[in-house]
Amino acid sequence: MVPDTKVLTKGIQKVSFFEKIKPYAELIAAGLSGVLILAGWLLDKYGQGADSIIAYLLAFVIGGFAKAKEGIESTYENKELNVEMLMIFAAIGSAIIGYWTEGAILIFIFAVSGALETYTMNKSHKEISALMELQPAEATLITNGFEKRVSVDDLQVGDQILIKPGERIPSDGIIVKGHTNIDEAAITGESMPVSKSTEEEVFAGTVNMTGSITVEVSKESSDTLFQKIIQLVQSAQSEKSPSQQFIERFEGTYVKVVLLVVIAMFFLPVFLLGWSWHEAFYRAMILLVVASPCALVASIMPATLSAISNGARHGILVKGGVHLENLSHLGAIAFDKTGTLTKGKPEVTNVLVKEGLDKSDLIWKAASIESHSNHPLAQAIVKFAKGTVKNHLLHPDSLEDVPGWGVKANINGQQWKIGKAAFVGKDHAENFAGGMAKELAAQGNTLVFIEIDSELSAMIALKDVVREETKLGIGHLKKQGIRTVMLTGDSENTAKAIAAESHVDEYYAECLPESKVDHLKQLKDRYKTVAMVGDGINDAPALAIANVGIAMGEGTDVALETADIVLMKNDLPRIAEAIRLSQRMNRIIKQNVIFSITVIMVLISSNFFQSIDLPLGVIGHEGSTILVILNSLRLLK
């Protein structure tokens, strides 16, 4: 269910101290539990046995409350035992036979695990709020020539709304009056504003940049493309990974088997092997301790945290071990174009000037005109001029913006026109400089033409250029046998040119958020495990549906929140490094799991043959835990 817009767009309210620390309550409880365990151990060491038991009891209650509550509620609701319940029984069993420290440590391990799970869940909801903040809560409704501010939720299909320059468009619709430039980065991810006029479609969440327009609403607020992005993120996040499903299936079986064997050891050895009741109870308690999942938990968590810490030191922020684990299984990686493979901002790539004209002088004057515009292409031309021409920019004698076409200006008595091909004459533009326009456009350039005194005088080519490290990063991935795919909202020509320049294996052009998700699903069918790399709001659904979502550190907040991994320095070669770290982590986890399970099986067998007592059982059990932790710490290097 999509969150209520009104709730999410309310002003900031005062929050009490307890509300601020509530998300960290489990982590604080785990920390207190650890302190109490240390206190209990010290008290016991110095002969204060009664006080140490009190400290251990407090550690049990404070550290184990959340997980015990979760286990009991889950057991009641699902009518099935779980690992949380086994933790409770094992901890109580340890205390019954006098091993308070072991029981308390078991509680502590589960408390820390639960705290991390809760923290992660709280973080996962933030991207929805961030998305909703980009959609206006109100719109200007035009009724019988009068303007009225109304809630976006009250808009009906067919209503006409006024959208002024600088405002976000509140609903999908068709322009019925006016023309403007619209920043559609929130939907397509492309940095170039799009010229729009009557009968053309606009989308909620995009920004009207230059002219006032009247739009006829074409969709209900709940059916807009922007709302679909939100719904796609929510739907993808609700899907469980295969490993999560396996763990859930394994959990109930594991607990049942252990408890059944423990119960059997209370009775069967007495009747079948002639054990005393005291011996049977003692052996059952040892079994409950050595069969607890402490060693298995320690096999995975320290290795995961060590690998995550290693990645963080190298600019790879991983939000959970499962995401790092999945990296080693990747069959393909899909990349957004703008801001991911490319720099995300247009740059001047070529300037062609009519023979006989001074190139530097023309660029200087063109930049003087363009400096009065905030259009990204204009800013790119100004930046290029400042890097090549050292003179101060002029102030045009007159200047007129022609929305959707370009700009007119009078400078030093000359009449200038700067804009798209149709603004200066399409035929003249296509034939300029021997027809170079077609070739430059095929290379992914956007073309700006300059006319001086009704004579076509220059053509400036601009392009969102490929990052220097992109080819290196793609090359590393190919060596690892991973298929690379580019998904972009750009035209076929631009997509083809960028794909060739960046060396990706395949590409898909003219992608909206929905089609990016469709392509991700197809890739998952072909390659099983697929990653998505992006930086924009429009990438959020694809980042969420991918097995691993990777965001660029300079991307939008929504992309950063939705993604599973963030490249803090926008360094694509780090992806291959993260994959190698994942492969190393998985090898160590397998070593740990096999070793810990082997030790548990040996301890259980030894207990059954009465060749081990409780202290040795505890030493073997806790010793295996220490060894797998030490093995995991190798990942820090």
Under 3.5 Å donor-acceptor, R467 side chain and T340 backbone: yes
H323 backbone acceptor or donor facing D564 side chain under 3.5 Å: no
Between CG on residue D397 and CD on residue Q415, distance to nearest 0.5 Å: 9.5 Å
Residue pair L477 / L572, side-chain heavy-atom distance below 4.5 Å: no
T484 side-chain N/O to V504 backbone N/O, donor-acceptor pair under 3.5 Å: no
CA sep, side-chain torsions, deciding dist, call: S218, D172, side-chain hydrogen bond (donor to acceptor under 3.5 Å, both in side chains): CA-CA 6 Å; S218 61; D172 289 6; 5.7 Å; no
T140: which of E147, K164, R149 passes side chain to side chain donor-acceptor pair (under 3.5 Å): R149
Verdict with reasoning, T470 to S502, per side-chain hydrogen bond (donor to acceptor under 3.5 Å, both in side chains): CA-CA 6 Å; T470 292; S502 59; over 6 Å; no
Option from K337, K496, K463, K471 for which salt bridge (Lys or Arg N to Asp or Glu O under 4.0 Å) with E501 holds: K463
Main-chain N/O of Q156 paired with D159 side-chain donor or acceptor, under 3.5 Å: yes
Ion pair D525/K521, N-O distance below 4.0 Å: no
Geometric cation-pi criterion K408 and W416, 6.0 Å radius, 45° cone: no
Test: D464 and K343 ion pair at under 4.0 Å: no
Solution key, residues 193-200 side-chain donor-acceptor pairs under 3.5 Å, sequence neighbours excluded:
unit_1: S195; atom_1: OG; unit_2: N181; atom_2: OD1; d: 2.9
unit_1: K196; atom_1: NZ; unit_2: E184; atom_2: OE2; d: 3.1
unit_1: K196; atom_1: NZ; unit_2: E201; atom_2: O; d: 2.7
unit_1: E200; atom_1: OE1; unit_2: S197; atom_2: N; d: 2.7

Pair up each side-chain donor or acceptor in residues 434-445 with any protein partner under 3.5 Å, not counting sequence neighbours, and list the distances.
unit_1: N445; atom_1: OD1; unit_2: T349; atom_2: OG1; d: 2.6
unit_1: N445; atom_1: ND2; unit_2: L440; atom_2: O; d: 2.9

Tabulate below the donor-acceptor pairs under 3.5 Å that side-chain atoms of residues 422-429 make, not counting sequence neighbours, or state none.
none

Side chain to side chain contact (heavy atoms under 4.5 Å, CB included) between S457 and E451, worked out: CA-CA 5 Å; S457 303; E451 183 182 276; over 6 Å; no
Backbone of L394 reached by a side-chain donor or acceptor of S368 within 3.5 Å: yes
Inter-residue atom distance I213.CD1 - E167.CD, 0.5 Å rounding: 9.5 Å
Donor + acceptor pair across side chains of E506, Y508 (<3.5 Å): yes
Within 6.0 angstrom of K383 NZ, more than 12 heavy atoms from elsewhere: no
Side-chain donor-acceptor contact under 3.5 Å, R168 with T206: no
N350/I460 under side chain to side chain contact (heavy atoms under 4.5 Å, CB included): CA gap, chis, key distance, verdict: CA-CA 6 Å; N350 207 336; I460 301 177; over 6 Å; no
N/O donor-acceptor pair under 3.5 Å between N547 side chain and N326 backbone: no
From CA spacing to verdict: side-chain hydrogen bond (donor to acceptor under 3.5 Å, both in side chains), E492, Y507: CA-CA 9 Å; E492 176 71 20; Y507 68 91; 2.6 Å; yes
S171 side chain vs V217 backbone, donor-acceptor pair below 3.5 Å: no
